[in-house]
Amino acid sequence: MDNPAREEAAQRKRIEKTAKRQLIVIWSIFLVCFTGVAVHIYMLQTAEAEEHLRARSERQSAGSMTLGAGGESELDGHRGYIYDRNGFELAISVETPSVFVHPRKIVDKGKAAVELSKALEMDLGAVRQVLDKDVSFAWLVRKTTPEKGAAVKALNIHGVGTKRESKRYYPGQELAGQIIGFAGIDNVGLEGLEATYDKNLRGSVLKVHGTRDARNHMILMTDAPRLNDLEGSSLVLTLDQYIQKVAETALERVSKKFSAKSAVAVVLDPHTGEVLAMANWPRFNPNRYRDYDKDAMRNRAVLDAYEPGSMMKLITYASAVDGARVRPNDPVSQDHGKLKIGKHTISDTHAIPNMTAELVVSESSNIGAYHLAQKLGKEGFYNYLKSFGFGRKTGIGLHGESAGILWNYTKWAEVMFANIAFGHGISVSPIQLATAVGAIANGGKMMRPWLIREIRDVDGDIIEQGSPQEIAKVIEDKSAQTVMRAMERVVAEGTGMRAWVKGYRVGGKTGTAQKIDPKTRTYGHEYMANFVGIAPIDDPNVVVVVMVDAPRPQHSGGFVAAPVFAEIVSQILPYRGVYPKSVDDGIADPFDKEAYRAAARRAADAPPIVAPHRPESCPQTVTVPDFAGMTAYHALQFAKANCLGANILHAGYVTAQWPPSGSTVSAHTRVELTMANYYK
């Protein structure tokens, strides 16, 4: 018994000893933790107090706000301006007040609604609807007039305030409206150049760090923003506001006269590719963009493509002259005015006796155009069309540009081949056509059309600059000169006589394209009346394309569109420093139309247009050559080449001269040349 008792007592002592050790460990841990907490509290309240409280305050009050380009801020960035090539303002930004409300802070909403509706000239119900919202902030009206903003301030209603915002304004009103486009209520570009170059015009987004108060309002900025970065860059265009205005006025006049659906004109510098004007009718005022539908905002010169009709014969002729070595006087069959291709028949409007390659252009023969294209073959002709820029975008740099329609030659049936040769079965945009004819005007160089001359920062420094860009050499200079002589003949005696401009030599090509009815997908009863021309033809300064949609009752390009070309050119050439070379307009008409046509044909066969050249040395006496039928430019050129001078009497074509041809005179004698013009 003793032994079991002693064992139990020993076991009890061991348990008590273990419990004491555990208690000591627990108390030790507690003491260490307590000491650590006490030390930490001490440090917080003494040595680290200032630093800790400052950090905590910063965490609680730190904030940031976004400035510019769509951010909610106390400061608004300004969109850059848009100028024409001479500094005329086409788009600017002005400061206007916007009215906001804090609906939860307004005590008497009924009274406030009545007063605000009167001050802002708004519907009472619309104002009340905003004030009744269960929100802390709402816009009542954005970008109103300064007078209305002042009237709201004068009410001094608690919970109602105004904020100055930047608003887009277009000083030219409708001038170039479709090209410039517009920016919306939040200053984001939505159409035209405003949309395409929105990133440049809007400027940067800045995030500024600072301190906020208990109501989360920024009260102190900890870093100063560079406010210049908020300002957008400005665009300087190649457009000339005067030329643009002339083109728009001419389009409006012809559209109203012939009740047209729409019209478009492009004026291009063929040597640089600069777009001097891009006019659309009906017009569009970006200051009132909400009043227009989307169709009115379309820049048809770039976005739309049309069948060019007989204007395409210029390209067909140019391709044949350059690629197949066709000469102006080469005979071309007219097939008695009708040509069957399978079950289809191609017709000409009139018989053309002894038709030549050049007469295909001046008399506008469909059958002749097909025969010229045949000399190249489908693939060869297709390659020229591609090189002239058809079937692809020009790269002008505007959103939504049309590439037109040009099917690959492998898909051409024979009748389609014929149709394309005279301007059907292919669609081109006005800017494509202007660029292609520009290559004829400048001696065969395809130039990229462009609209942006410069991009400038807020200080006026140029950060990007446009420049002429040659894409390719498409035809030889000699070929281009041959085509331009045919174009002059179109105006002198062909389908484009109404494009004649007093005092200038001009050339061009008419086009009357039957439109496809969108419902039946077949050719309907509406037409596009078109004209493309070069002025002056002897020293090209501008290319002008005019396209009038569905004029009536007249619909031919020569009757409707050619006079628009003349109206535009007659005003813009003197403005650009290109003056008439004649001393008198000479409206005398001593011969009948057939005689005039014969004189014009002789003029078309005159030497190529080259710079005047006088021999290095002249003999004492020279024989007077025959100047009959020459234009003033050719006559002066011919006189210099023969060691003579010339006095030009009137304008037009030479009908008489003194001394007569064959006479022997002293070198440098001035021959008097009498000119006459069929036009009255």
Side-chain angles (χ1 to χ4, degrees), residues 68-70 76-96 98 142-146 164-204 228 230-245 247-248 267 274-280 282-292 294 296-303 396-400 450-466:
D76 247 345
H78 287 75
R79 286 179 74 82
Y81 285 17
I82 300 178
Y83 303 95
D84 87 330
R85 63 189 300 117
N86 299 312
F88 180 86
E89 294 173 342
L90 298 173
I92 64 175
S93 293
V94 295
E95 292 291 330
T96 58
S98 291
R142 299 284 300 278
K143 301 179 181 180
T144 186
T145 64
R164 298 195 67 79
E165 291 193 287
S166 177
K167 180 182 179 181
R168 208 59 165 160
Y169 178 68
Y170 304 93
Q173 303 296 317
E174 297 173 330
L175 187 70
Q178 287 93 343
I179 295 89
I180 298 168
F182 62 92
I185 193 71
D186 292 312
N187 278 339
V188 176
L190 300 177
E191 292 287 345
L193 291 171
E194 290 275 32
T196 303
Y197 290 88
D198 183 61
K199 184 177 179 181
N200 301 89
L201 291 164
R202 288 174 69 191
S204 302
N228 274 5
L230 288 171
E231 305 296 324
S233 301
S234 293
L235 305 181
V236 180
L237 308 184
T238 61
L239 292 182
D240 186 302
Q241 61 91 16
Y242 173 77
I243 298 176
Q244 180 75 23
K245 191 177 298 182
E248 289 186 4
V267 181
E274 292 174 282
V275 178
L276 304 175
M278 191 178 279
N280 289 268
R283 293 178 176 176
F284 164 66
N285 187 342
N287 290 309
R288 299 184 291 104
Y289 64 87
R290 291 186 181 87
D291 297 341
Y292 297 84
K294 291 287 289 185
M297 303 174 188
R298 292 185 66 80
N299 179 7
R300 292 176 172 81
V302 173
L303 302 181
I396 194 171
L398 290 176
H399 288 162
W450 48 299
L451 270 170
I452 307 301
R453 212 175 192 195
E454 297 169 351
I455 299 179
R456 294 177 173 268
D457 64 18
V458 67
D459 297 318
D461 296 326
I462 298 174
I463 55 179
E464 287 186 37
Q465 189 164 27

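It should be emphasised that the depicted structure is a prediction, and the values quoted were computed from it without experimental measurement.
- Qualifying ring-ring contact (aromatic ring centres under 6.0 Å, His included) partners for Phe88, counting only residues two or more places apart in sequence or in other chains: none.
- Among residues two or more places apart in sequence or in another chain, the side-chain contact (heavy atoms from CB on, under 4.5 Å) test is passed with Ile452 by Leu193, Tyr197, Leu235, Leu237, Ile455.
- Considering only residues two or more places apart in sequence or on other chains, Gln173 meets the side-chain contact (heavy atoms from CB on, under 4.5 Å) condition with Tyr169, Asn285, Asn287.
- The minimum heavy-atom distance between Phe182 and Pro286, with the atom names listed, is CB-CB, 3.8 Å.
- Rounding to the nearest 0.5 Å gives a distance of 6.0 Å between OH of Tyr81 and CD of Glu89.
- No donor-acceptor pair under 3.5 Å is formed between the side chain of Gln178 and the backbone N or O of Gly192.
- Side chains of Glu191 and Asn299 form no contact here, defined as non-hydrogen atoms less than 4.5 Å apart.
- Residues satisfying the ring-ring contact (aromatic ring centres under 6.0 Å, His included) test with Tyr170, not counting sequence neighbours, are none.
- The two residues Asn280 and Ile179 come nearest to each other via the heavy atoms ND2-CD1, 4.1 Å.
- Taking the side chain as every heavy atom from C-beta outward, Gln241 and Asn86 never approach each other to under 4.5 Å.
- Applying the side-chain contact (heavy atoms from CB on, under 4.5 Å) rule to Asp291 yields the partners Arg288; only residues at least two apart in sequence or on another chain are considered.
- Without hydrogens or angle criteria, Arg168 side chain to Glu194 main chain gives no donor-acceptor distance under 3.5 Å.
- The two residues Ser234 and Tyr83 have their closest heavy-atom pair at CB-CE1, 4.0 Å.
- The aromatic rings of Phe284 and Tyr292 sit perpendicular, their planes meeting at an angle over 60°, well past the 30° parallel limit.
- Judged as a side-chain contact (heavy atoms from CB on, under 4.5 Å), and not counting sequence neighbours, the contacts of Thr238 are Arg85, Glu274, Val275, Trp450, Leu451, Arg453.
- A distance-only check finds a donor-acceptor pair linking the side chain of Gln244 to the backbone of Met278 [under 3.5 Å].
- Annotation for Ala279 and Ala247: closest pair CB-CB, 3.8 Å, computed over non-hydrogen atoms.
- Considering CZ of Arg283 and CD of Glu174, their distance stands at 5.5 Å, rounded to 0.5 Å.
- Of the N and O atoms on the side chains of Arg456 and Ser233, not one donor lies less than 3.5 Å from an acceptor on the other residue.
- Under the 3.5 Å distance criterion, the side-chain polar atoms of Asp459 are left unmatched by any main-chain donor or acceptor of Asp461.
- For the residue pair Ala91 and Ile180, the shortest heavy atom distance occurs at CB-CG2, 4.3 Å.
- Across all their heavy atoms, Gly400 and Leu303 have their closest contact at O-CD2, 3.1 Å.
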